[in-house]
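A quick note: this is a predicted structure, and the numbers were derived from the prediction, not measured. Atoms within a ligand are numbered from 1 in the order they appear, just like the ligands themselves. Start at 1 with the first residue, then count along the sequence.
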Amino acid sequence: MPSEGATSVQVGDKRQIYNFDHVFPPETTQQQVYERAVENLVDKFLEGYNVTILAYGQTSSGKTHTMGTADNASVPYHNKGIIPRAMATLFSTMNTSSLYLNRKFSMKVSFIEIYNEDLIDLLGEGEGESRPQVMIREDSKGNIYWSGLQEVQVNNVDEVIAYLARGSLNRQVGATDMNAKSSRSHAIFSLTMSQQKLVNHNGHNGHNNYYSKSPTPGSRPTTPSSRLVNSRANSRLGDTDDGDWITITSKFHFVDLAGSERLKRTAASGDRAKEGISINSGLLALGNVISALGDPTKAKHTTHIPYRDSKLTRLLQDSLGGNAQTLMIACISPAEFNLNETVNTLKYANRARNIKNLASVNQEESVKFQI
Ligand SMILES: Nc1ncnc2c1ncn2[C@@H]1O[C@H](COP(=O)(O)OP(=O)(O)OP(=O)(O)O)[C@@H](O)[C@H]1O
């Protein structure tokens with residue numbers, strides 16, 4: 001059974017203890033991992049917090065399996081990873097919980113890959129260089145956004161899984177000595193949710209408004225361009241959605257990192273070696289950001305956090321140490337011959353545990369609509 005607390009590792013005659021929130025032994029099921037570590041984060045996402053889950057570990061340790069980054073409709077339920085389970089909880093909560101009755105939801109997914117420091121849109125149209133270029137941008141408030149990336153409207157779990165499967169087929173996969181089907185890239189599957197919440201309901205006249213964008217204060221949203229995800233909100237609000245509305249936007253990033261193993265262990269050469277160098281430098285940069293964020297003397301001065309050292313850390317800038325609930329899952333091998341990699345993964349994850357984020361709900365100003 002999963003347990004709280006520490007795990008200890010013996011290296012030579014030294015025993016080192018690492019503390020984690022949960023430790024899952026090999027026989028743990030996907031459902032147990034999900035319930036213990038992830039399910040409450042879906043509630044946080046619905047409340048309006050940004051959430052990021054990262055899977056870290058050496059090749060073949062189960063990152064993709066745990067995250068469900070490659071899951072499709074043919075994966076049997078007991079094997080399904082975090083993403084399909086989180087989506088099932090999310091849509092079911094939206095559609096059944098009384099907490100979300102007076103809301104209108106709009107959701108989009110995107111799927112991006114970092115391969116050799118190139119950003120590739122896994123849902124983008126076209127092949128190779130004909131695909132739109134994805135750029136990392138920062139707005140005046142320091143929020144990171146990705147321009148040129150395809151964001152696709154989704155209305156139910158099946159649509160999310162279809163895009164997940166489509167994107168994962170486009171992901172860079174190569175064979176190494178350690179995993180015949182190794183992911184050679186970092187992949188980030190993201191869900192952006194916008195909620196229109198009715199407060200101070202006036203209860204007279206009006207039409208149903210479906211919003212795909214945050215409305216500008218003082219203006220009324222125009223033609224409905226997105227379908228309403230929560231059909232109950234439509235029927236409940238009916239013709240009487242006159243009142244004050246607030247917009248809550250939250251992002252859920254599922255990050256399946258490339259294998260963290262030392263290059264020589266994969267016996268890589270040529271393209272595989274180039275990929276390995278790039279993977280290691282991205283993970284090193286991530287490790288440096290994690291170390292800086294875990295050090296309270298540095299974390300106060302955000303200019304010292306080396307986010308700009310890699311695309312991976314830049315993309316995740318507002319999810320690491322920013323305004324997000326962040327979970328790192330460290331995948332390790334029980335095999336003795338992987339001990340060194342296991343110790344490295346435990347040290348890496350242990351550093352991540354020192355980060356203290358200040359998460360808050362992303363709520364826009366109250367907007368009055370007179371209809
Ligand atoms: N807990 C598990 N139970 C059953 N099968 C597993 C488990 N973890 C991993 N596997 C299987 O082991 C193989 C390797 O796992 P996976 O591809 O998830 O590793 P990975 O860490 O993502 O590797 P890479 O970094 O090379 O992509 C897959 O066939 C996967 O289905």
Next item on the list: With side-chain hydrogen bond (donor to acceptor under 3.5 Å, both in side chains) as the test, would you mind laying out the steps for T313 and S310 before giving the verdict?
Entry: CA-CA 5 Å; T313 46; S310 76; 2.8 Å; yes
Check: Considering only heavy atoms of G259, which atoms of ligand 1 have at least one such atom less than 4.0 Å away?
Finding: 25 (O)
Next item on the list: Would you mind listing which atoms of ligand 1 come within a distance below 4.0 Å of any non-hydrogen atom of Q58?
Entry: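 So the atoms of ligand 1 that pass are 21 (O).
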Next item on the list: Identify whether the distance between the nearest side-chain nitrogen and carboxylate oxygen of R166 and E125 falls below 4.0 Å.
Entry: yes
Notebook entry, point to check: Do the charged groups of K44 and E39 touch, with an N to O distance under 4.0 Å?
Noted result: no
Check each of [options] against [atom] and report the one with the nearest heavy atom.
{"atom": "atom 9 (C) of ligand 1", "options": "A258, A187, G81, G62", "result": "G62"}
{"atom": "atom 1 (N) of ligand 1", "options": "E27, Q30, H65", "result": "H65"}
{"atom": "atom 25 (O) of ligand 1", "options": "H78, M67, H186, K63", "result": "K63"}

Next item on the list: Look at ligand 1 and say whether C331 reaches it with a heavy atom at a distance under 4.0 Å.
Entry: no
Check: Of all the heavy atoms in S61, does at least one lie under 4.0 Å from an atom in ligand 1?
Finding: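 Yes, S61 has a heavy atom closer than 4.0 Å to ligand 1.
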Next item on the list: Please say whether D256 places an N or O atom under 3.5 Å from an N or O atom belonging to ligand 1.
Entry: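 N/O-N/O distance under 3.5 Å: no.
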Note to self: T66 versus ligand 1: do any nitrogen or oxygen atoms come within less than 3.5 Å of each other?
What the structure shows: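 There is no such contact.
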Notebook entry, point to check: Looking at side-chain heavy atoms only, is the closest gap between F252 and N50 below 4.5 Å?
Noted result: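 Counting from C-beta outward, F252 and N50 never come under 4.5 Å.
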Short side-chain donor-acceptor distance under 3.5 Å, [Y] and [X]:
{"X": "E151", "Y": "S110", "answer": "no"}
{"X": "R85", "Y": "Q31", "answer": "yes"}
{"X": "Q30", "Y": "T66", "answer": "no"}

